Amino acid sequence: MYLPEIDSNMKNKQISNSWSVGINSTQKDMLDDDAHLKVSYSPGKKGGNFGLPLGAKLTVPEGLFGKKDSISCQVAPPSQRWRHSPVLPYYEHLTSEIFILNSTVHPLKKSVIVRIPYYQIDSEHNEINVKGKWKDEEEWVNVGFLHKSDTSSPCIELEIDRLGVFVVTFTPKKETFEVTTQGCLYNAHMSKYISVRVPKKAAEKNFQCAIQITPITEEKVKLAKEFYPFETSELENVSEIIDLIPNFQCTFRRAVSVKLPLPANVEVENESANTDIAVLAKLESGWELVDTKYRFTRTTVTCDVKSLTRFCVVKSKPDRKKRMAAAVSILEGRCEMEKGEVMAFINFQEKTWFLVLECFPKNKLDSKIAEMKEKGFRHFKKEISKPEEPVDNKQHFRRPPTIKTKSQNVPVEFEIFDGLKWTFNVSDDLKANLDSDYMENKDLQYYKHLPESLRKFVIEPKTTEERTLIGAINLTPVGINDQKVREASTMALRIEVDEETVKAYFHEEVIPEEPEVKKEKPNLDLLRTPEIKVDKPTTPFTPKFKPLPASVMERLMRTSRPQIIIERESKAITGKSLRNLSKYVPEGLTLAVHLDLPDSTITGIGFDAISNGLSMADVTYKILLYWKRTRKDKKDLAVEMLADALREMGRVEAAHVVQECHKNSKEVTPEIYSELLSKMALS
C-alpha cells in the first residue's frame, strides 16, 4: 500500500492512534490487529499533511482549525464492515476499505484533500467510482474525484468541504452510441474488433445502445469443465461475453451486421474450413446459435441479426456447434464464481473463547490456516448440510428419460462470488456472548475484491456443566434460488471443546485469605502519668562559652556572594502599559528601526505577523516586548530610549505620555493618555 510521508512538525500533534472493539479488557490481545485503523490529529492553525490508516493521506489547509480542534479518520475493520457498507447494485463492487472521517469543526469553512488507496482492478474492462455518505445523512451519493497515477499503488483524491463515510467501488465499463432511423455505423472504442452496422430505415425510431464486455478467463473455463464435464466437453475456446444493449427492446426491419472478436489465440485463414466457430446470442428463451452466414477476417467474425442483445463467440469440436448453447449458459453464470471455503478459527483462553468466522478462496486455505495457527487459533472445517429428499414413487418427466446428463450425478461444489451472504447462528452446547455485535447482526458477507471477509465475536458455554462440549455454527445462504447451489452453500461448522478446556474456563482462582490481625490489649500502665517526687528546687544549668574575637565573628558573618539588588521596572513600560501604547502607535516596524533592533528580528516579526494574520497593534506590542527583554536597565535609561525613538518617528505626544507616566509612577492607560493629550493641546 501507498505510505505517504508525514510532516515532522506534525508528529507531536497526534492525539490518538487506537481502535477499540471488544467485550471487555480480557479480549484486548485478540483485537490488537485493528489498532492501526484509527488516527486522530490536532492540526492547529497551520494545518499540514497527515498520514491516515492503510496509506491514505490528509491535507489540511492553513487556518481551518483552531488550537483545540481535531480531525479523526477510522477505517471500518472487516468484522465491522456491515455497519457502514453501502447497498450496491449487482454490477457494482467494493474495491477499497471504508474510510470514516469526523471532526470537531462542522461544517468546514475550507476544503480538505483526502487521498484514499484502493485495491487493483481490471482497468481494461472496469472503471472506478467513489461513493460517499455525508455526516448526518443516510443516503449514499456519487462523489467527484481525481485519479492519481503518480503513486506506487492506485489511489483517488477527494477535495471535500464535508466529512462523512467514503469508499471506492468499480463497475463494468460502458460505451454508448446513438442509432437513428437513417442508419448507423459504429466502431467501438473499447475494442477495435467490435462494430455495429445498422442499415437505413432498419429501426422504427432513434435509440441509444450500450456496449459492455465481460471477460471469461481460462481458469473459469477450466473450472466449468471440471464441474460440468458433459455440457462443456465439446467446448475448445471462448471469447468475452459482449453486450449490445439498446435502451428499449426492438426488432429491426432489416438485418443488422455485428462484428465480434474471435476467441483468444484463434485465427482464421480459410473461411470454408471454419465450421467449428459459432456465434451465440441470448434471447428470451436462453442462449441460441446465430444460424446465418458468417464472414471472417483473421481475428473477427461478422454475422447478421434482427435484434441487439448479448453475444459470445465460441470454438467447438468439429460439427458440435449446436452443443455450445448449454456450455455458454454454464460459463455465463460462472464469470464471477470461484471455489471457496468458510472456516471457524477459535482461540481458547482460560476465561475467553474468541471466534473468527471467515470466508475466503480455497486457494488460500493452507496459508490462512498457518497464519491463524501462529496467532494461537484452532480451525474447524465446514460440513455440507443436505436435506433428506422425500421418497416419491411417482415418476414425473419434464423431458424424455433418455436425455439424462452426466453432470446431474456430479455433486455441486461449494463456490463463492462477490456479495454472497449467509445468516448464521451459534447452537447446541455453545452460545455467543450477549455483549458482542452478534446480537446486532448475524450476517457473513464475502467481499471478493477485499483482503478479508470475516466476523469476530466471543463464544461461551451454554450451561455450567464441566464436560466435553459440541457446538455448531449454522450458515444459510441468502438470496440464492438455485436449489443445488443453495444446498451446496448451506453448511454447519462443528466445534468440539474438550473437557479440560471447559474446566479451565469455569475454574475459579482461589485467593488466599489474609490472616486476621490479632488486636493486642493496650497497656494501660503506659497511659498513667508517673508521679515525680520533687525533693528540692533545681537550679537551671547555664553553659559557659568562651567569647570569640571580633575578627573571627566578622569573618563568619561575611558572605562570599555579591549582594543582589532587585530593580523594579518602570510602570511606564510594564506589559499593560506597552499593550495600551501599541494601540496608539501602530507603526510597529518603523518603531523597531528607531529602537535599533536587528534587521533579521524585524523581518521575522513581519513574516510571523503576515502568516498569523496579526493586526498592526499586535505587531507593535510584539516589538516592544522583544525590545524590553533585551534591555538590562528597565527604568530611566529604557524610558528615555523609548521616548527618543517615538520622537524620532514623529510621535511626540506618545513620548510625552511615556515620560509623564514614568515621572508619576503610573501605567499607561487610555484615560491617562487622553488626559495628557488634552493638557498638551491646551498648553
Side-chain angles (χ1 to χ4, degrees), residues 1-2 54-57 81 84-99 113-134 139-160 164-179 186-196 207-217 219-220 239-247 260-261 264 308-312 332 334-338 417-419 445-451:
M1 300 295 295
Y2 168 66
L54 304 184
K57 186 178 180 181
R81 201 178 283 142
H84 310 282
S85 183
V87 178
L88 301 174
Y90 71 93
Y91 55 83
E92 190 168 11
H93 312 276
L94 296 187
T95 186
S96 81
E97 300 296 345
I98 301 172
F99 288 78
I113 297 175
V114 183
R115 185 173 290 188
I116 298 177
Y118 62 91
Y119 301 105
Q120 190 69 52
I121 63 171
D122 176 15
S123 57
E124 182 181 354
H125 300 103
N126 301 288
E127 56 189 1
I128 62 172
N129 183 34
V130 178
K131 286 195 170 292
K133 185 172 71 171
W134 305 117
E139 185 179 356
W140 286 85
V141 296
N142 293 330
V143 181
F145 65 94
L146 294 176
H147 187 274
K148 306 301 290 184
S149 58
D150 58 344
T151 57
S152 57
S153 63
C155 66
I156 57 94
E157 187 173 276
L158 305 176
E159 186 172 353
I160 50 177
V165 186
F166 303 95
V167 66
V168 183
T169 65
F170 74 90
T171 57
K173 279 185 179 179
K174 281 188 177 181
E175 184 178 332
T176 306
F177 63 96
E178 188 84 19
V179 178
Y186 185 79
N187 296 312
H189 300 290
M190 296 174 64
S191 173
K192 63 181 180 180
Y193 303 115
I194 300 175
S195 68
V196 179
F207 65 90
Q208 284 189 338
C209 184
I211 303 175
Q212 183 176 311
I213 301 175
T214 304
I216 301 176
T217 62
E219 182 182 356
K220 303 300 180 186
S239 71
E240 305 97 335
I241 292 177
I242 299 162
D243 288 300
L244 301 174
I245 307 171
N247 57 0
L260 303 169
L308 296 179
T309 180
R310 174 170 279 194
F311 296 94
C312 184
E332 179 191 23
R334 302 184 55 79
C335 289
E336 298 297 329
M337 306 286 281
E338 59 183 330
F417 56 88
D418 187 47
Q445 184 170 347
Y446 175 59
Y447 296 91
K448 178 179 179 180
H449 307 283
L450 303 184

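Because the structure is predicted, anything quoted here is derived from the model rather than measured.
Here Lys174 contributes atom NZ and Ile245 contributes atom CD1; the two are 6.0 Å apart, rounded to the nearest 0.5 Å. Note that CG of Asp418 is 12.0 Å distant from CE of Met337, once rounded to the nearest 0.5 Å. The SG atom of Cys155 sits 13.0 Å away from the CG atom of Leu54 when rounded to the nearest 0.5 Å.
Between Ile213 and Ile194, some side-chain heavy-atom pair lies under the 4.5 Å cut-off. Residues Ile241 and Ile216 meet the side-chain proximity criterion, which asks for heavy atoms closer than 4.5 Å. Considering only heavy atoms from C-beta on, Cys312 stays 4.5 Å or farther from Ile242 through its side chain. Contact check for Tyr118 versus Val167: no side-chain heavy atoms found under the 4.5 Å cut-off. Annotation: side chain of Glu336 is in contact with side chain of Lys448 (closest heavy-atom distance under 4.5 Å). Contact of the His125 side chain with the Thr214 side chain is not registered, since no non-hydrogen atoms from C-beta on lie closer than 4.5 Å. The side-chain heavy atoms of Ser85 and Ile98, taken from C-beta on, include a pair separated by under 4.5 Å. Using a 4.5 Å heavy-atom cutoff, the side chains of Cys209 and Leu308 are in contact.
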Check your understanding: Between Glu97 and Arg81, is a side chain to side chain contact (heavy atoms under 4.5 Å, CB included) present by the stated rule, with each step listed?
Key -> CA-CA 9 Å; Glu97 300 296 345; Arg81 201 178 283 142; 3.1 Å; yes
Practice item. Take Leu88 and Thr169, measure what side chain to side chain contact (heavy atoms under 4.5 Å, CB included) needs, and give me the verdict at the end. Key: CA-CA 9 Å; Leu88 301 174; Thr169 65; 4.2 Å; yes
**Study point:** Test side chain to side chain contact (heavy atoms under 4.5 Å, CB included) applied to Leu158 and Ile113, step by step
**Key:** CA-CA 6 Å; Leu158 305 176; Ile113 297 175; over 6 Å; no
Practice item. Take Gln212 and Lys173 through the side chain to side chain contact (heavy atoms under 4.5 Å, CB included) test and state the conclusion after the steps. Key: CA-CA 6 Å; Gln212 183 176 311; Lys173 279 185 179 179; over 6 Å; no
Exercise for review: Determine, stepwise, if the pair His449 / Phe170 fulfils ring pair (Phe, Tyr, Trp, His ring centres under 6.0 Å).
Suggested key: CA-CA 10 Å; His449 307 283; Phe170 74 90; 4.7 Å; yes
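Using a distance-only test at 3.5 Å, with no hydrogens or angles considered, no donor-acceptor pair links the side chain of Lys133 to the main chain of Gly164.
Between Arg310 and Glu332 there is a salt bridge, since a side-chain N of the basic residue sits under 4.0 Å from a carboxylate O of the acidic one. For Glu157 and Arg115, the salt-bridge test passes: some basic side-chain N is under 4.0 Å from an acidic carboxylate O.
Using the six-membered ring where Trp is involved, Tyr186 and Phe177 have ring planes that are parallel, under 30° apart on the 30 and 60° scheme.
Side-chain N/O atoms of Lys192 and Asn187 include no donor and acceptor closer than 3.5 Å. There is no side-chain donor-acceptor pair under 3.5 Å between Thr176 and Gln208. Between the side chains of Glu338 and Tyr446, a donor-acceptor pair is found at a separation under 3.5 Å.
When the shell of 6.0 Å around OH of Tyr91 is examined, it contains 12 or fewer heavy atoms from other residues, nucleotides or ligands. Annotation: Glu159, atom CD; neighbour count of heavy atoms from other residues, nucleotides and ligands within 6.0 Å does not exceed 12. Heavy atoms of other residues, nucleotides or ligands lying less than 6.0 angstrom from CD of Glu178 number more than 12.
Residues forming a ring pair (Phe, Tyr, Trp, His ring centres under 6.0 Å) with Phe166 (at least two apart in sequence, or on another chain): Trp134. Residues forming a side-chain hydrogen bond (donor to acceptor under 3.5 Å, both in side chains) with His84 (at least two apart in sequence, or on another chain): none.
Under the side-chain contact (heavy atoms from CB on, under 4.5 Å) test applied with Asn126, the options Asp122, Asn129, Ile128 reduce to a single match, Asp122.
Closest of all the heavy-atom pairs between Ser96 and Pro117 is CB-O, 3.6 Å.
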